[in-house]
Amino acid sequence: MPARRLPAFRSLRARVIVWVSVTLTVLFAITIVGLDLAFRRSTDEAQRQLLEVQLFGLIALAETDEADELTLPNDEIDAQFQVPGSGLYGVLLDADGRPVWQSRSLLGASFPVGESLPGPGEQRYSRVDPPDLPPVETFMMAVTWEFADGHAAPYTFGIASSLEPLMTRQAAFRRNLIGWFAGITIAMLALIGSLLGWVLRPLRRLERQVREVDAGERVALTGEFPSELEPLAASLNALIDTERRRLVRYRNTLDDLAHSLKTPLAVMRTLLSELAAKEADAPSATALDALNREIDRMEQRVSYQLRRARVSGATGLGVEPVQVAPVLEDLRLGLDKVYRDKGVACELAVAPGTVFQGDPGDLTEVLGNLVDNAYKYCRHRVRVTASSGGGKLSIVVADDGRGIEPDDVTKLLERGTRADESVPGHGIGLAVVRDIVELYGGTLAIERSVLGGAAVLVEFTRARAAGQGGAVPPPSSRA
């Protein structure tokens, strides 16, 4: 099973910033280590050169005392040798390794001599951590000293310097180095992030426009795009235009098909009526009545299937949002004329800004069937409420008629119900409404209205692509 990627890594900007961060971290880490090693080598070399200078300074100051022994004058050497614990220590050893002189800075401590040197002229550097001194670096040198009377004796000069100041400088340099490179890394990431935001702005604009097209808020991609994105934008616009023209051709073909089927049926009905008028015997009249009923059923079936196919082609691609209030106003005006004798009082409660994201014909089909049924089965009152928000459109059509029993509601909403098995009263209109609602991924429910009759609740979500609505049941038989 493939591992799932973190949501953040689906963003190109996040990927670039993460990989640049990793690359900079690795490169800067290598640079910091290299610079730190170079600085340590340079400071160590400077420390050794300083020890050599100070040691040769001690050798230059060496003199003989009254006992004809080599010694060092305390009043002429570096002042650091005179201060206890100053961090600079000196010693002079005789041939047996005994100290004949040591600096006052070694008060209460002993010089870390280590192993004796093999012979005159030998030198040795070493770093030690003596128990009575801080960590030090020592420089030892064996010499043969010739006295004024001509005899010579071996001596060893030693000098030691505390490593604490050196380690402090190296640690401070390392901290500064890390701090500077961390600041440079953050500044570079901020700059790269800003540049990526600027570079990816056209891509975000393209992505936003595609979402708006998909939601029906835009009919095409507009504006100038970089040369790398122009072919993509052109292809998407061509796809949108092709889909729109395909839908128009599809519906025109269905209209032509509807006319071509309805005309022969009308001719058949006319011929049967003329034939029935000429026939006098009852069996023939009964047979003709049966044929008329079958023709009615065929016409009903053809009308339903054509309307079903018509709405199944809607995808919502490239269509603008449809205002719901004007559609309902037009329906109310038309139905008030149709049901003038009934005196229906229709109340419209449409929230401001209520829109339908989809094909205008689909909205007209849904509202026309629902409101027409409400007018047809109400006593005197119809109420339609509508509101949209959060990508959804909610519509409730209620009346004060007899209503629909709960058992009948279940049968009416059951998929696959055949025309002759449905509850009488709801026919092609309600079936087409159900088809359109399912096409848009919405829901349809029938409840008891507060007015006393039936209340049809419809909720639309975003439109799905054609063919994703699944199988659609044939109509019930109630008109």
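What's counted below: heavy atoms across the whole structure, side chains too, no hydrogens, waters or symmetry copies. Sequence positions, counted from 1, serve as the residue numbers for this chain.
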Donor-acceptor pair, distance only, cut-off 3.5 Å: does the side chain of D372 make one with the backbone of G368? no

Taking the side chain from N237 and the backbone from A220, do they hold a donor-acceptor pair closer than 3.5 Å? no

Indicate yes or no: at least one non-hydrogen side-chain atom of M141 is less than 4.5 angstrom from one of E52. no

Could you walk me through whether L70 and F157 pass side-chain contact (heavy atoms from CB on, under 4.5 Å), step by step? CA-CA 11 Å; L70 193 62; F157 286 84; 4.0 Å; yes

Between R124 (side chain) and E115 (backbone), is there a donor-acceptor pair under 3.5 Å? yes

Does any non-hydrogen side-chain atom of V136 lie less than 4.5 Å from one of F111? no

Is there a side-chain contact between I17 and L196 (heavy atoms, below 4.5 Å)? yes

Residues V397 and L370: closest non-hydrogen pair is CG1-O, 3.8 Å

Considering all heavy atoms, the nearest D129-P134 contact: OD1-C, 4.3 Å

Kindly write out the residues that satisfy ring pair (Phe, Tyr, Trp, His ring centres under 6.0 Å) with F181, not counting sequence neighbours, or none if the list is empty. F28

Should Q170 and T43 be marked as a side-chain hydrogen bond (donor to acceptor under 3.5 Å, both in side chains) after you check the CA-CA gap, both sets of side-chain angles, and the distance that decides it? CA-CA 8 Å; Q170 291 177 347; T43 53; 2.8 Å; yes

What's the spacing between L195 CG and M188 CE if we round to 0.5 Å? 10.5 Å

Go through V458 and L393 one step at a time and tell me if the side-chain contact (heavy atoms from CB on, under 4.5 Å) criterion holds. CA-CA 8 Å; V458 174; L393 169 63; over 6 Å; no

Student check: side-chain heavy atoms of F460 and V366 closer than 4.5 Å: yes

Output yes when a side-chain donor or acceptor of S394 lies under 3.5 Å from a complementary backbone atom of A386, and no otherwise. no

Checking the side chain of Q102 only, and the main-chain atoms of S110 only, is there a donor and an acceptor separated by less than 3.5 Å? no

Decide yes or no for R383 and L451: does some side-chain heavy atom of the first lie under 4.5 Å from some side-chain heavy atom of the second? yes

Of all heavy-atom pairs linking Q47 and S162, the shortest is NE2-O, 4.2 Å

Sorted by chain and residue number, the side-chain contact (heavy atoms from CB on, under 4.5 Å) partners of T144 (sequence neighbours excluded) come out as P120, A152

Can you measure from CG (L51) to CG (L88) and round to the nearest 0.5 angstrom? 8.0 Å

Has R448 got a side-chain atom pairing as donor or acceptor with G452's backbone, closer than 3.5 angstrom? yes

Nearest 0.5 Å, what's the CG-CG distance between L363 and L328? 7.5 Å

Examine distances only and state if a side-chain atom of N369 and a backbone atom of E365 form a donor-acceptor pair shorter than 3.5 Å. yes

Going from CD1 on I178 to CG on L35, what distance comes out if it is rounded to the nearest 0.5 angstrom? 11.5 Å

Nearest-0.5 Å distance, CG of residue L239 to CG of residue L221: 10.0 Å

Any side-chain heavy-atom pair of T385 and V350 under 4.5 Å: no

Could you walk me through whether R98 and L93 pass side-chain contact (heavy atoms from CB on, under 4.5 Å), step by step? CA-CA 5 Å; R98 294 190 304 269; L93 306 175; over 6 Å; no

For F39 and F173, take the angle between the two ring planes, folded into 0 to 90°, and tell me which bin it lands in: parallel under 30, tilted 30 to 60, perpendicular over 60. parallel

When you check the side-chain N and O atoms of Q80 and S105, is any donor under 3.5 Å from an acceptor? no

Between R104 and P84, is there a donor-acceptor pair closer than 3.5 Å when you use the side chain of the first and the backbone of the second? no

Distance under 6.0 Å and angle within 45° of the ring axis: does R48 meet both against Y125? yes

Is the side chain of D94 donor-acceptor paired with the backbone N or O of D96 at a distance under 3.5 Å, no angle test? yes

Nearest 0.5 angstrom please: T71 OG1 to E63 CD, how far? 7.0 Å

Just by distance, with hydrogens left out, do S387 and T354 show a side-chain donor and acceptor under 3.5 Å apart? no

Do V384 and V396 make a side-chain contact, defined as non-hydrogen atoms from C-beta onward lying under 4.5 Å apart? no

State, with a plain yes or no, whether a side-chain heavy atom of L444 is found less than 4.5 Å away from one of E438. no

Do T64 and E69 get their side chains close enough for a donor-acceptor pair, meaning under 3.5 Å? no

Closest heavy-atom pair and its distance - V456, I446: CG2-CG1, 4.4 Å

Which atom names give the shortest non-hydrogen contact between S103 and Y89, and what distance separates them? OG-CA, 3.7 Å

On a heavy-atom basis, which atom in L58 and which in G158 lie closest, and how many Å separate them? CD1-O, 4.4 Å

So does R127 pair up with D44, basic N to acidic O under 4.0 Å? yes

Name all pairs fulfilling the salt bridge (Lys or Arg N to Asp or Glu O under 4.0 Å) condition that reach into residues 184-208, sequence neighbours left out, sorted by first residue then second. E207-R211

Verdict with reasoning, V53 to Q49, per side-chain contact (heavy atoms from CB on, under 4.5 Å): CA-CA 6 Å; V53 170; Q49 291 178 0; 5.6 Å; no

